[in-house]
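Have a look at the structure below, then the notes.
Each ligand, and each atom within it, is numbered from 1 in the order the structure gives. Any value given below was found using the heavy atoms of this structure, including those in side chains, with hydrogens, waters and symmetry copies removed.
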Amino acid sequence: MSSQTAVKRTNLTTLTKMKERGEKFASLTAYDACFAEMISGAGVEVLLVGDSLGMVLQGHDSTLPVTLDNIVYHMECVRRGNQGAFIMADLPFMSYAHERQALESSAALMRAGAHMVKLEGGAWLTSTTTQLAERGIPVCAHMGLTPQSINRLGGYRVQGRDPAKAQAMIDEAKMLEEAGASILLLECVPVDLAGAITEALTIPVIGIGAGREVDGQIMVMHDMLGITPPSIKLPKFVKNFLPESSDGVRGAFVAYREAVKTGAFPADEHCFF
Ligand code: KIV
């Protein structure tokens with residue numbers, strides 16, 4: 001297995017066409033230039049400068065302490081290493097509490113090199129999403145388990161099992177698409193619900209713990225290399241790809257990308273039914 005794949009530039013049009021063709025795409029978090037180069041060089045189409053850096057880099061027990069300046073710093077590092085992937089950056093906790101703040105925070109991330117910003121939430125974000133999209137800032141809406149709301153959710157658990165909550169998630173996802181969101185990310189959602197949402201939307205849907213019926217997969221880089229700090233409890237949707245690599249860390253990124261493309265990942269053991 002070769003770890004060097006020709007680097008192709010990925011943008012929103014590329015990802016939307018992949019959805020239309022039924023071709024899966026792979027995404028991973030990245031926080032620095034070195035890993036951004038390796039991951040994008042392995043052909044992974046989307047990088048996320050995620051606020052998970054608060055847990056895997058900074059050692060916090062949640063994403064809440066992460067600041068906008070933290071994400072800007074790591075965004076600039078990732079931009080320097082990137083070999084053509086599409087880069088999303090997280091708007092961290094309380095950096096988009098109202099529309100003006102969302103515009104200013106997003107501008108800082110786009111100036112640092114982001115191609116898209118990601119916000120956690122549902123219907124309450126429709127107006128913010130429209131404001132951003134109208135000003136040229138592509139939006140990824142993050143629904144399902146939203147870690148910035150961990151204190152309100154009461155734990156890291158599957159969302160949308162209750163039929164009424166599942167229907168609300170479908171409705172809110174459609175509202176966000178109509179409001180101008182260009183990608184939806186679903187975290188910790190049962191397979192059937194994620195499939196129904198993916199079918200209902202024309203924009204690409206990326207899943208983490210959301211089964212195989214979505215258009216793309218994402219994982220935290222540390223989780224798929226088996227180097228997550230021991231203080232963090234690993235969710236069932238995580239798979240370590242390092243053991244099946246014939247080329248160290250680079251090979252693990254290639255193996256992950258291939259497994260996503262062929263549908264070998266996620267397997268049933270990584271899904272919620
Ligand atoms: O911050 C992050 O890494 C994320 C992923 C869990 C999708 O939002």
TODO: Considering heavy atoms of the protein only, find what lies nearest to atom 2 (C) of ligand 1 and give residue, atom and distance to 0.1 Å.
DONE: Ser52 OG, 3.3 Å
TODO: Could you find the nearest protein heavy atom to atom 5 (C) of ligand 1 and give me its residue, atom name and distance?
DONE: Leu48 CD2, 3.9 Å
Open item on the list: Under the salt bridge (Lys or Arg N to Asp or Glu O under 4.0 Å) test against Asp215, which residue among Lys17, Lys261, Lys19 passes?
Closed with: Lys19
TODO: Examine Glu187 against ligand 1 and note whether any of their N/O atoms are separated by less than 3.5 Å.
DONE: no
Task: Lys239 to Phe241, cation-pi by 6.0 Å centre distance and 45° axis angle - done: yes
Task: Within-cut-off N or O pair, Asp90 and ligand 1, under 3.5 Å - done: yes
Open item on the list: Within ligand 1, which atoms have a heavy atom of Gly50 less than 4.0 Å away?
Closed with: 1 (O), 2 (C)
Task: Nearest neighbour in protein (non-hydrogen) for atom 8 (O) of ligand 1 - done: Lys118 NZ, 2.8 Å
Task: Beyond-backbone contact of Met169 with Gln159, side-chain heavy atoms, under 4.5 angstrom - done: yes
TODO: Indicate, with yes or no, if the rings of His115 and Phe86 have centres closer together than 6.0 Å.
DONE: yes
Open item on the list: salt bridge (charged side-chain N to carboxylate O under 4.0 Å, His left out) for Glu213 and Lys24? Distances and angles first, verdict last.
Closed with: CA-CA 10 Å; Glu213 308 297 314; Lys24 306 279 182 198; over 6 Å; no
- [ ] Could you see which bit of Thr29 sits under 4.0 Å from ligand 1, with heavy atoms only: side chain, backbone, both or neither?
- [x] side chain
